[in-house]
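Everything below concerns the one structure shown next.
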There are 2 protein chains.
Amino acid sequence: MDQLRAIRYFCKVVETGSFTKAAKAFNVPPSSLSRRVADLEKSLGATLLKRSTRIVKLTEVGQIYYKDVQQILNQLEQSNETVRSYQTTPMGSLRISSMVGFGEKIVLPLLDEFSALFPEIVLDISLSDELSTLGRDDVDIAIRGGYAPNERVIAIRLMDNGFIPVASASYIEKHGTPNNAMALKNHNGLYFKAPSGPTPWLCNINGQWHDVSGPAIAISNNGSWLAKKACAGEGILMSTRWALASYLESGELLELHFDHPLAITQNADMAVYLLYQKQRYLVPKVKAAVDFLVERIKVSGNRGAM
Amino acid sequence: MDQLRAIRYFCKVVETGSFTKAAKAFNVPPSSLSRRVADLEKSLGATLLKRSTRIVKLTEVGQIYYKDVQQILNQLEQSNETVRSYQTTPMGSLRISSMVGFGEKIVLPLLDEFSALFPEIVLDISLSDELSTLGRDDVDIAIRGGYAPNERVIAIRLMDNGFIPVASASYIEKHGTPNNAMALKNHNGLYFKAPSGPTPWLCNINGQWHDVSGPAIAISNNGSWLAKKACAGEGILMSTRWALASYLESGELLELHFDHPLAITQNADMAVYLLYQKQRYLVPKVKAAVDFLVERIKVSGNRGAM
DNA sequence: ATCACTATTGTTTTAAAGACAATAATAGAT
DNA sequence: ATCTATTATTGTCTTTAAAACAATAGTGAT
C-alpha cells in the first residue's frame, strides 16, 4: 500500500468534507479515494472517518491522526523543497507574516527592492498582529514583537520595540508639560491596542510598577490613526520609535522625557524579532529574504532609532 | 511513485551502507532498491548517494535529506502506533531511559511490580547519565536531573535531587566535625562525577557563592562505590538523599548540617524529572508507565526524602 | 591483472492502483 | 411519507508501477 498517498487522500477528504470533492482535486474517481482510505483504516485497525452519504466527519481517533499526519506531510514537503532547491537561485513563492504597523512602515517599503533583486521570488505577505505558529504552518518568515520562540526557530533581533510617550506642541501648550510620570494620570491618552488588549502607561519607580494611564480619548490597533490624533493635539500617545519616526523628524510630535522611564509592559527587552525555522535557511529563497531583511532593517533601525 | 517506500529504502541503504544489505532487510532484490532510490533522486532533482561498487555514502544534500526524513519516518510510525493502540490494553515494547544511580535505586526495583500489572508490556530499560534527545529518538520515557525541556515534552517533577553532605562516624571521630562550611576545605572529599564533570562543594553565604571543596580522595560516577568509601571513613561525600537513604537509616552515614546550605551547582531547583512526549501519552503503554512511575516514585520520594 | 562483490540494467511477472459502470444509502425537498 | 438528487461504496476491467530474476558492468582489494 502506498501509505503516503492514502494519507494525502485522507487529508483532502477531511479538508473538503467529501470523497467526491477530494477526488476532483486529485483527478481520480471517488472510488479510488474510498478504497485507499479504507486500506489505511484497515492497516491502522481503526475507523478514521464517520461516513454517511451526505456527510463525512472525523472520528475521535481520526482527529488525532489527522493533526499528526497533516504536520508530517508539511515537514516532508519542506524537506523535499530543501533538496530540490539546494544550491539553486532563489525562486518560488515566499510567505512573510508581519505585525501590521511594522509591516506597513518598515517591511513593505523594502520589498520592491527585494523583488527587483530576486525577480523569481513571488512574495506573499500577510500583515496581522495575531501570532502565527511558525513551524506548524505555511509561513516562511515571521516578524513579531518580543516573545521567545522555541529551539527549532531562529530569532534575530531586528530593532528596539520600546514605547515612548509623545505629544504635539499644541497639546503641550494647552495642557502643560507633565513634569513627572505620575502627572500623566491627569493627561488625555491615546491608547494603542495590542492583540492582548489596550496598552497601559506603566512606570517603574524605585523597583515598583505604577499604572500612570490617564483618561482615554481613543483606543485603536491602528497606529497611524492614533498618531494623527496626537498631531491634532488630542492627547498623549505611547508608541514605538519606528512608528513615530517621521512625526518626530518633522517636529509634529515631541518626545516627552521623564526621570523614570515609561513602558507598556513590565517585560524588559521589548524588541522586534525576525523568526524562521532553522532548517529552512537552507532554502535559497528563505536565506535570501532573511539576509536581506536583517541587513536592511538593522541598518535603518540603528540609524533611526537607537 | 510510492515516495514513502522509496524513502524507507533510501534510509536503510544509508544505515547499512549497501544496497544489497538493505535489500535483504526488506526481502526484495537489490535492483528494486536501486530503482526506487533512483526514482526518488529524480523526483528531487538531486543526487542523494554517491555510489561506487564498493561503497555507498551520502552526498552533502543527501545528509540533510536523510536527517529530515529519518525524523519524519519516526513521527509517522509514532502516529500510526497512537492510532493502532488507541483504547486498547497497554502492550508492546516500552523504552525507558534513566540516570544510572536513580535507575538502580528507585526505578528498577519498581519495575517487577509494573511488569506484573502489565504483563503484555515488554520493558526495554537503558541506564545512562548522558541525556538522550527525547523526541528525535526512540525513548518513550526519560528520567533526568534538573534541566528544562522544550514545549512538546512534558516534565513531571518526581523528587528532590538536592545533594547533602554525609560522613561516617569513624571519619568524624578521626577528623572532627567541621563546624562551618568553610572548614570543609580541610576535609577529605569523595566526589561524584556528573557527565559535565566532577561536582564541587559549593556554599552560598550571604548571596556569595564559595567553593569549599576539600582535597579529593576519589572521584567517580559510581555513587555506591563512593558511598562504600564514605562508610569506610575515607572522606566526606555529597550525594542525593535518595541515593544515601539506606545508609542514613542504618546509621552508617551521618548527615552533616551547616548554617549555610551546601550544593553542587548554583542552580536552585535540583530535581529529578520524568519526561515524555505529550502526544505519546495517548499510547496506553506510555500512559500506564507514566502514571505508575509518577505515583510510586512521588509517594516513596515524599516518604523517604522530603 | 585478477577476483569477488556490488550496483545497475533488461526483461518478465506480479501486484496494486485507476477507471468506469452500477448499486445502495441518506439528507433534504415535495 | 415519498421522492429525488447526491454521495459513498462495490464489482469488474484496464492500466500502471513495483517486484523478480537473470545478466552486465564497474571497482576496490588481493
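Note that this is a predicted model, so its numbers are computed, not measured. We name chains A, B, ... by the order of the sequence lines, and we start the count at 1 in each one.
A:L40 places a side-chain heavy atom less than 4.5 Å from the side chain of A:I7. Looking only at side-chain heavy atoms (C-beta outward), B:F19 and B:L49 come within less than 4.5 Å of each other.
Checking D:dA8, D:dC21, D:dG28 against the side-chain heavy atoms of A:S18 singles out D:dA8 as nearest.
If you measure from atom CG of A:L33 to atom C1' of D:dT9, you get 12 Å, rounded to the nearest angstrom. Nucleotide D:dA17 holds its C1' atom 9 Å from the CG atom of B:D39, rounded to whole Å. Distance, A:L49 CG to D:dA8 P: 10 Å, rounded to whole Å. Between B:K24 atom NZ and D:dA19 atom P there is a gap of 17 Å when expressed in whole angstrom units. Taking atom CG of B:D2 as the reference point, atom C1' of D:dT16 lies 13 Å away to the nearest angstrom. Rounded to whole Å, the distance from CZ on B:R36 to C1' on D:dA20 is 12 Å. As a whole-Å value, the separation of B:K50 NZ from D:dT27 P is 12 Å. The distance from atom NZ of B:K42 to atom C1' of D:dA18 is 15 Å, rounded to the nearest whole Å.
Direction change of the helix axis from one end of the helix from C:dA1-D:dT30 to C:dT30-D:dA1 to the other is 40°, with five pairs defining each end axis (rounded to 10°).
Relative orientation of the A:Y66 and A:F10 rings is perpendicular, given thresholds of 30° and 60° on the angle between their planes.
No salt bridge links A:D39 with A:K42; every basic N to acidic carboxylate O contact stays at or beyond 4.0 Å. No salt bridge links B:K50 with B:E60; every basic N to acidic carboxylate O contact stays at or beyond 4.0 Å. Between A:K285 and A:E81, at least one side-chain nitrogen of the basic residue sits less than 4.0 Å from a carboxylate oxygen of the acidic one, meeting the salt-bridge criterion.
Of the side-chain N and O atoms in A:Y9, none sit less than 4.0 angstrom from OP1 or OP2 of D:dA8. Checking the phosphate oxygens (OP1, OP2) of D:dA5, no side-chain nitrogen or oxygen of A:R54 falls inside 4.0 Å.
The span of DNA chain C lying next to chain A, judged by atoms under 4.0 Å from heavy atoms, is bounded 5' to 3' by C:dA17 to C:dA27.
Within 6.0 Å of CD1 in B:I55 there are 12 or fewer heavy atoms belonging to other residues, nucleotides or ligands.
Residue A:S31 is in base contact, counting any heavy-atom pair closer than 4.0 Å across all strands shown.
Each of A:V56 and A:R5 was matched to the nucleotide of DNA chain D holding its nearest heavy atom; the match closer to the 5' end belongs to A:V56. Annotation: of the two residues near DNA chain C, A:I55 and B:R51, the 5′-most nearest-nucleotide partner is B:R51.
No side-chain N or O of A:Q71 forms a donor-acceptor pair with one of B:Q75 less than 3.5 Å apart.
Considering CG of A:L282 and OH of A:Y86, their distance stands at 7.0 Å, rounded to 0.5 Å.
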